[in-house]
Colleague: 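I'd like to ask some things about the structure below.
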Amino acid sequence: MKNAVIVEGINCFNIKQILESGQIFRFQKINDTTYIIVAKDEIIKVGHQPNSTSILICNSRIGDLEQIWKPYFDLETNYMEITDILSNKDEHMQKAVEFGRGIRILRQDPWEMLISFIISQNNSIPQIKNCIENITKKFGEKLENVDSEIEYYSFPTAEELIKIPEEELRECKVGFRAPYIIDACKKVVEGEINLNEIFTMKTSIARNILMKIKGVGPKIADCVLLFAYGKMEVFPTDVWIKRVIEGLYFEGREQKLQDIQQFAKDYYGELAGYAQQYLFYYARENELFKK
DNA sequence: AGCCAGGTCCTCC
DNA sequence: GGAGGACCTGGC
């Protein structure tokens with residue numbers, strides 16, 4: 001049933017950079033070249049040496065490589081071309097791309113991304129991970145696990161989560177975000193928002209729909225659009241991105257969110273989402289323009 | 001002890 | 001329509 005596959009001939013792939021560029025919360029580091037990822041109700045182990053063009057994926061079902069993992073890891077996209085175009089923009093982008101050359105934008109589950117990024121607001125990464133783990137442990141279903149003693153759980157669906165009273169949700173330490181999660185559950189279960197339809201929607205329309213959920217503003221909507229729906233032209237603008245854009249392109253002068261969005265649209269165009277990932281990873285890892 | 005963290009809401013002007 | 005404060009929680 002379960003198997004290990006090796007994918008070969010992949011460049012611009014670095015598992016550490018992919019997982020630590022802030023787009024995913026459910027993973028665990030085993031060592032520098034091995035990580036466990038929980039996604040698509042599967043627990044896979046990924047082995048990858050920096051600079052190697054082959055990737056080892058353990059414990060996936062036979063046939064899942066084509067169906068699930070190639071799209072998930074965005075392996076069909078030509079990152080040579082993307083990194084090339086962005087590197088040629090200016091010397092800052094060249095540095096940022098060089099630093100995170102192995103980043104790929106994962107195609108994750110919309111519902112999980114929505115709730116995860118609602119939790120992310122005004123929160124720290126370790127705490128975000130804890131909240132999500134608490135929620136999956138408490139309300140998800142135990143996943144079949146072939147070679148690890150650690151237990152992992154599925155991410156509960158909207159239908160499952162909506163049954164949970166607020167107090168119980170707060171036991172997962174989500175704090176003031178609990179009502180936001182509940183509102184997302186309501187809108188999805190009652191059909192006011194159809195997460196599947198967003199795949200085929202124009203980005204600006206999709207963004208407005210996501211923002212109807214309480215606790216979902218422009219930043220969270222853009223994260224969901226980028227990390228789940230593959231809308232590559234969005235430019236999620238958090239404090240790090242704001243500071244790095246101001247620092248690199250505006251001589252440190254403070255810019256309004258609107259101005260940064262406009263700059264990204266004009267300057268990066270269709271590649272804004274990729275640019276955002278390289279810049280975020282570059283700025284955060286090196287603590288550039290930190291307050 | 002007090003401040004801060006991958007934002008957003010609410011109130012008031 | 002924009003500025004300014006409040007917000008759960010745990011780590012430093």
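Predicted model, so just to flag it, every value in this text is computed and none were measured. All chains are named by letter (A, B, ...) in the order of the sequence lines, taking the proteins before the strands, and each is independently numbered beginning at 1.
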Colleague: Figure out the CD1/P separation between Ile135(A) and dT9(C), and round it to whole Å.
Modeller: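 So the CD1-P distance, Ile135(A) to dT9(C), works out to 13 Å.
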Colleague: Report the distance from atom CZ of Phe25(A) to atom C1' of dA5(B), rounded to the nearest whole Å.
Modeller: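 One finds 12 Å between C1' of dA5(B) and CZ of Phe25(A), rounded.
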Colleague: Whole angstroms only, please: what is the CZ-P distance between Arg170(A) and dC8(C)?
Modeller: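 Distance check: Arg170(A) CZ to dC8(C) P gives 6 Å.
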Colleague: May I ask you to check whether Tyr153(A) and Phe139(A) place their ring centres under 6.0 Å from each other?
Modeller: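 So the answer is no for these two rings.
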Colleague: Check for me whether Lys89(A) meets the cation-pi criterion with Tyr267(A), that is, NZ or CZ under 6.0 Å from the six-membered ring centre and within 45 degrees of the ring axis.
Modeller: yes
Colleague: Please classify the nucleic acid contact of Ile118(A) as base, sugar-phosphate, or nothing, using heavy-atom distances under 4.0 Å.
Modeller: nothing
Colleague: Step through it carefully: locate the ring centre of Tyr79(A), locate the ring centre of Tyr274(A), and say whether they are under 6.0 Å apart.
Modeller: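 Tyr79(A) vs Tyr274(A): aromatic centres under 6.0 Å.
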Colleague: What is the per-nucleotide protein-contact pattern of nucleotides 8-13 of chain B, from the 5' end, where B denotes a base atom under 4.0 Å from a protein heavy atom, S denotes such proximity for sugar-phosphate atoms only, and - denotes neither?
Modeller: SSS---
Colleague: May I ask which nucleotide in the shown strands pairs with dA6(C), Watson-Crick or G-U wobble, both distances under 3.5 Å?
Modeller: dT8(B)
Colleague: Provide the distance between the two P atoms, one in dT8(B) and one in dG11(C), to the nearest whole Å.
Modeller: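 Looking at atom P only, dT8(B) and dG11(C) are 25 Å apart.
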Colleague: Got more than 12 heavy atoms from elsewhere within 6.0 Å of NZ, Lys242(A)?
Modeller: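 Yes, enclosed.
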Colleague: Run the salt-bridge test on Arg284(A) and Glu20(A) with the 4.0 Å N-O cut-off and return the result as yes or no.
Modeller: no
Colleague: Given atom NZ of Lys242(A) and atom P of dG7(B), what is their separation to the nearest angstrom?
Modeller: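 Checked: the NZ to P distance equals 11 Å.
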Colleague: With P as the reference atom in both, quote the distance from dC8(C) to dT11(B) in angstrom, rounded to an integer.
Modeller: 14 Å
Colleague: Check the distance between dG6(B)'s C1' and Gln276(A)'s CD and give it to me in whole angstrom.
Modeller: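 It works out to 9 Å between those atoms.
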Colleague: Within less than 4.0 Å of OP1 or OP2 of dA5(B), is there a side-chain N or O belonging to Lys291(A)?
Modeller: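 Yes, such a contact exists.
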Colleague: Round to the nearest Å and state the distance from Ile132(A) atom CD1 to dT9(C) atom C1'.
Modeller: 15 Å
Colleague: If you take all heavy atoms of Phe117(A) and Lys219(A), which pair is closest and at what distance?
Modeller: CD2-NZ, 4.2 Å
Colleague: Looking at Arg61(A) and Glu42(A), is any side-chain nitrogen of the basic one under 4.0 Å from a carboxylate oxygen of the acidic one?
Modeller: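 Arg61(A) and Glu42(A): salt-bridged.
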Colleague: dC7(C) base to Arg177(A) side chain: any donor-acceptor pair below 3.5 Å?
Modeller: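 When only heavy-atom distances are counted, Arg177(A) does not reach the base of dC7(C) through any donor-acceptor pair under 3.5 Å.
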Colleague: Rounding to the closest angstrom, what is the interatomic distance between dA6(C) and dG2(B) at atom P?
Modeller: 15 Å
Colleague: Distances under 3.5 Å between protein N/O atoms and the N/O atoms of nucleotides 10-12 of chain C, please, pair by pair.
Modeller:
residue, atom, partner, partner atom, Å
dG10(C), O4', Gln127(A), OE1, 3.0

Colleague: Quickly work out the Ile128(A) CD1 to dT9(C) P distance and round it to whole Å.
Modeller: 16 Å
Colleague: Taking only residues two or more places apart in sequence or in another chain, which ones pass side chain to side chain donor-acceptor pair (under 3.5 Å) with Lys129(A)?
Modeller: none
Colleague: To the nearest Å, how far apart are Glu166(A) CD and dC8(C) C1'?
Modeller: 11 Å
Colleague: Taking the same atom, P, in dG4(C) and in dG6(B), what whole-Å distance lies between them?
Modeller: 23 Å
Colleague: May I ask you to check whether Phe99(A) and Tyr278(A) place their ring centers less than 6.0 Å from one another?
Modeller: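 No, ring centres 6.0 Å or more apart.
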Colleague: Might you confirm whether atom CD of Glu285(A) has over 12 heavy atoms from other residues, nucleotides or ligands at distances under 6.0 Å?
Modeller: yes
